[in-house]
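Values reported hereafter were calculated over all heavy atoms of this structure, with side chains retained and with hydrogens, waters and symmetry mates removed.
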Amino acid sequence: MLLSGLKAFKRTFLNKVSRLSEKHATTDATASSTSPPEAPPLLPSTGFIDQISTRHVQGWTIAPESPAQRLNVEAFLPETGEKLGYGTADQFHYGLSGIGDGSRRYGFWFHLTREITPAERETLRVRVPGQGDLARSPNLSSWQPLLHVAMDIVDNCNLRCPFCLYDYSAVRRTHVMTRDTLEAALRLLPYTKDGEFWFSCLHEPSLHPEFASFLDAVPPAFRKKVFFTTNLARRMPESYFRTLAQSGIDHINISMESRTPELYERMRKGARFPIFMENWDRLLAAFRDAESTVALRYVIMAYKSNLHELPELSRYLLSEGRAAQVEIRYTYDVPFIDAAFRQQEFLEEAEWDWLQASLPVAEPGQILLARPPAPQNPAPADTQTETEAEAEAEAEAEAEAEAEAEAEAETASASALTIKPEETPQTVKEPEPRFIPGHYLAQLSWDGTLELKGISQASSGAALIEVPVVTKNIRDIPDIDAFLYALDCKSIQTSEAS
């Protein structure tokens with residue numbers, strides 16, 4: 001979910017620093033007259049403004065020659081010189097990586113001193129005092145604080161794949177989202193970027209009997225924000241595929257592991273290969289006839305069984321499957337995956353190396369390979385058993401000590417704690433989570449339960465820390481704009497209080 005402009009910018013970052021500094025070396029004369037020159041002058045800076053609303057600004061800036069420095073920034077109107085707010089570029093920036101000291105702590109977000117007009121928003125500028133203005137991002141937005149909305153309109157799937165990251169063992173029926181819940185949820189559309197409003201996250205959306213009409217309910221202006229993932233394993237009418245082709249949404253993810261019937265049905269437990277192929281053929285025909293702008297992306301899990309098929313399968317999907325992207329990825333190793341499947345199918349590092357070297361050459365972004373993260377400080381093979389035994393013994397000793405301590409504490413507490421009738425025990429309030437404003441991860445269930453997480457202000461570099469912010473039913477939020485803006489204000493207040 002990185003800004004496309006930022007991606008391009010980073011590739012030529014050092015070469016562009018001097019040109020950006022020269023381009024923005026001076027500001028409007030009226031605005032400059034209100035700000036005395038800095039002494040000594042700061043090192044040249046560069047960066048982007050990512051968001052300007054009528055109430056706040058957000059972006060990032062860095063002094064390339066002094067990456068340990070954190071710069072001050074201010075917002076102003078060039079026509080009048082009015083200063084409208086200031087901040088320090090020392091916050092974690094979600095979309096920033098690969099520059100400076102690697103911490104990603106070059107972001108800024110601050111309130112404006114007053115609400116500005118839409119016309120003033122068009123002319124508002126942000127600068128490092130004593131230097132030039134920051135450039136506006138090519139993807140500048142007014143306010144899109146939701147990094148994604150991971151919605152599910154059902155809570156079940158038609159398949160029981162052995163590698164699924166969701167435990168369906170206790171699921172006996174399918175619950176579906178109601179129309180009024182959907183309409184309440186669609187109010188979140190303006191607050192996220194293209195391709196980041198998910199109609200399915202964990203489950204199969206085509207199980208919903210009104211799925212096609214739910215897609216039609218998305219206002220045309222917001223269709224590019226929507227995508228969903230499907231296994232194409234349910235027999236659907238011809239009209240369904242025409243609806244998808246003409247929907248105007250951003251993309252569709254199609255899950256598959258093989259074009260070999262036996263292997264496909266083993267990996268996609270409960271699916272029938274002829275039904276999948278029939279659906280796939282109809283989908284491609286509908287997209288061809290409609291000259292559809294909806295992108296098709298394929299998501300493939302890599303295993304020992306399909307490993308040697310994957311290079312050719314990738315070529316086929318790009319040439320014959322209208323693939324805008326093929327993603328081959330590892331399995332999230334959740335505890336309920338069968339141990340035998342894990343042992344028989346999970347790839348070794350050498351096999352991942354072979355796969356990476358064997359994939360066809362394609363345009364950037366067409367083939368993505370998501371390898372499993374490297375193990376953290378693995379023990380040497382010849383000492384693994386001994387290490388595990390020592391750890392187990394140590395854990396047992398710690399557990400015994402903790403049990404003894406708890407028993408002693410409970411005895412002491414029972415004998416020492418006497419609450420008089422007029423006394424009330426004090427409740428220890430948990431500290432408010434400190435999260436950066438304007439960056440929230442939303443998960444929305446079929447019943448309207450909205451869970452928002454923020455990014456902790458303690459995040460740095462690759463260590464992105466998520467913290468729970470609020471859980472609320474989407475139908476109980478009368479004003480989405482006010483609700484999200486109040487979270488931003490809470491973030492700033494919590495930060496200042498601490």
Pairs satisfying salt bridge (Lys or Arg N to Asp or Glu O under 4.0 Å), at least one member in residues 86-103, at least two apart | R70-D101

Between F241 and L232, does a side chain to side chain contact (heavy atoms under 4.5 Å, CB included) hold up when you go through it step by step?
-> CA-CA 11 Å; F241 302 105; L232 279 186; 4.2 Å; yes

Provide the full list of side chain to side chain donor-acceptor pair (under 3.5 Å) pairs with a residue in residues 462-479, sequence neighbours left out, each pair given once.
-> T181-R475

Which pair of non-hydrogen atoms, one from R105 and one from A458, has the smallest distance, and what is that distance?
-> NH1-C, 4.2 Å

Heavy-atom side-chain contact between N231 and C157 under 4.5 Å = yes

Is the F199 to F214 ring centre distance short of 6.0 Å?
-> no

Kindly compute the distance separating OG1 (T54) from CD (E115), expressed to the nearest 0.5 Å.
-> 4.0 Å

With sequence neighbours excluded, what pairs up with F287 under the ring pair (Phe, Tyr, Trp, His ring centres under 6.0 Å) test?
-> none

Would you mind reporting whether R297 and N253 have side-chain heavy atoms less than 4.5 Å apart?
-> yes

Pairs where residues 137-158 contributes a residue and the test salt bridge (Lys or Arg N to Asp or Glu O under 4.0 Å) is met, not counting sequence neighbours = none

Are any of the side-chain nitrogens in R259 or E320 under 4.0 Å away from the carboxylate oxygens of its partner?
-> no

What closest approach, in Å, do I275 and A233 show between heavy atoms, and which atom pair accounts for it?
-> CG2-O, 3.7 Å

Taking every heavy atom of S206 against every heavy atom of F211, the minimum-distance pair comes out as CA-CD2, 4.0 Å

Starting from the C-alpha separation in whole Å, work towards a yes-or-no answer on side chain to side chain contact (heavy atoms under 4.5 Å, CB included) for Q457 and Q91.
-> CA-CA 7 Å; Q457 292 187 9; Q91 298 179 7; over 6 Å; no

Any idea which heavy atoms bring K83 and T113 closest together, and the distance?
-> O-OG1, 4.0 Å

Taking every non-hydrogen atom, the tightest pair across S258 and F273 | O-CE1, 4.1 Å

Could you state the interatomic distance from OH (Y168) to CZ (F336), rounded to the nearest 0.5 Å?
-> 9.5 Å

Are any non-hydrogen side-chain atoms of M267 and M301 less than 4.5 angstrom apart?
-> no

Residues 288-295 side chain polar contacts: donor-acceptor under 3.5 Å, at least two apart:
unit_1 : atom_1 : unit_2 : atom_2 : d
S292   : OG     : A245   : O      : 2.7
S292   : OG     : V294   : N      : 3.1

Considering the options F228, Y166, W446, which one meets the ring-ring contact (aromatic ring centres under 6.0 Å, His included) requirement together with H203?
-> Y166

Which pairs, with at least one residue in residues 267-281 and sequence neighbours excluded, count as a salt bridge (Lys or Arg N to Asp or Glu O under 4.0 Å)?
-> R235-E278, E257-R268, E278-R282

With distance as the sole criterion, is a donor-acceptor pair present between the side chains of S137 and N139 under 3.5 Å?
-> no

Starting at CD1 of I367, measure out to CG of L359 and round the result to the nearest 0.5 Å.
-> 5.5 Å

Between W60 and F108, ring centroids under 6.0 Å | no

